[in-house]
Amino acid sequence: MTALIKCNTAVPMKSEIFSTYSDNQSGVEVTFDINTNGILNVSALDEMTGKSNRIMITNNKGHLTKEEIKCMVSNTEKFKAEGEGAALCITTKNGLESYMYHLCNSITDEKVKDKFDADNKTLLETAVNEAISWLDNLQEASKEEYKKKQKELKGIAGPIMQKFYQSAGAGTPGNFPGAGGTLGVGQKVIFLIYD
């Protein structure tokens, strides 16, 4: 058997002519031409009759059509936008959880929990517990819903925390609960800002 196109032949391959004339058959020249796109052109010429024929063989198996590629690009852009939206939603949810955690720590901290006005502390605990319950019972919410819940919680907690810090003597930097008075050399003040 004769190898017509050897394995790992460089493309584009030059035409090669094969003939069956040597074994006393009619002379047929067969030409194979393969290009860089994997398209094989085969032509045959019967030397006795002068009749010729051509066929083009393409390898479409495993290749994507232009329509399939266009659809994939469109889906990628769609899913990218959805992914970015989901990331923003998760970031907003994390912000709400962080704010609730901060409030819980403020009202349960041994150093400062007794400095809250009893009614305000109860109101704040109720608001935080309701927000936690809302979050626990919620399967999925939009970014706007998380922002709305945080805004509601801030509407209740903001005035209470402001009153708490003012009554605890936190009017000057470093003079908030747990800071131990004025700042000394090397001490830092960390302010948590939630919007």
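The structure presented is a predicted model; accordingly, all values stated were derived computationally and were not measured.
- A side chain to side chain donor-acceptor pair (under 3.5 Å) check over residues 123-135, counting only residues at least two apart or in different chains, returns the pairs Ser133-Asn137.
- The number of heavy atoms from other shown groups lying within 6.0 Å of NZ (Lys147) does not exceed 12.
- Summarising the geometry, atom OG1 belonging to Thr76 is positioned 6.5 Å from atom CE belonging to Met72; distances are rounded to the nearest 0.5 Å.
- Residues passing the side chain to side chain contact (heavy atoms under 4.5 Å, CB included) test with Asp117, sequence neighbours excluded: Asp119, Asn120.
- Across all non-hydrogen atoms, the minimal contact from Gln150 to Thr92 is OE1-O, 4.3 Å.
- Not a single donor-acceptor pair under 3.5 Å links the side chain of Ser98 to the backbone N or O of Asn94.
- Residue pairs meeting the salt bridge (Lys or Arg N to Asp or Glu O under 4.0 Å) criterion with at least one member in residues 67-89: none, sequence neighbours excluded.
- In this structure, His102 and Ser106 have side chains that are in contact, with non-hydrogen atoms separated by less than 4.5 Å.
- Across all their heavy atoms, Met100 and Val128 have their closest contact at O-CG1, 4.2 Å.
- Taking both residues in full, the closest heavy atoms of Cys89 and Tyr146 are given as SG-CE1, 3.5 Å, listed atom of the first, atom of the second, then distance.
- The shortest heavy-atom contact between Leu124 and Met161 is CD2-SD, 3.8 Å.
- Linking Ile, Leu, Val, Met, Phe, Trp and Tyr whenever their side-chain heavy atoms come within less than 4.5 Å puts Leu103 and Ile132 in one cluster.
- Taking Asn75 as the reference, Cys71, Phe79 meet the side chain to side chain contact (heavy atoms under 4.5 Å, CB included) condition, with sequence neighbours excluded.
- Under the 4.5 Å side-chain criterion, counting only non-hydrogen atoms from C-beta, Phe116 is not in contact with Lys163.
- Leu138 and Ala141 get closest at one heavy-atom pair: CD2-CB, 3.0 Å.
- Note that NZ of Lys154 is 10.0 Å distant from CG of Leu96, once rounded to the nearest 0.5 Å.
- With sequence neighbours excluded, no residue forms a side chain to side chain contact (heavy atoms under 4.5 Å, CB included) with Glu140.
- Checked against side-chain hydrogen bond (donor to acceptor under 3.5 Å, both in side chains), Glu145 has the following partners two or more places apart in sequence or in another chain: Ser142.
- Closest non-hydrogen pair, Tyr99 versus Gly158, comes out as OH-N, 4.3 Å.
- Atom-to-atom distance recorded for Asn41:CG and Asp33:CG is 5.5 Å, nearest 0.5 angstrom.
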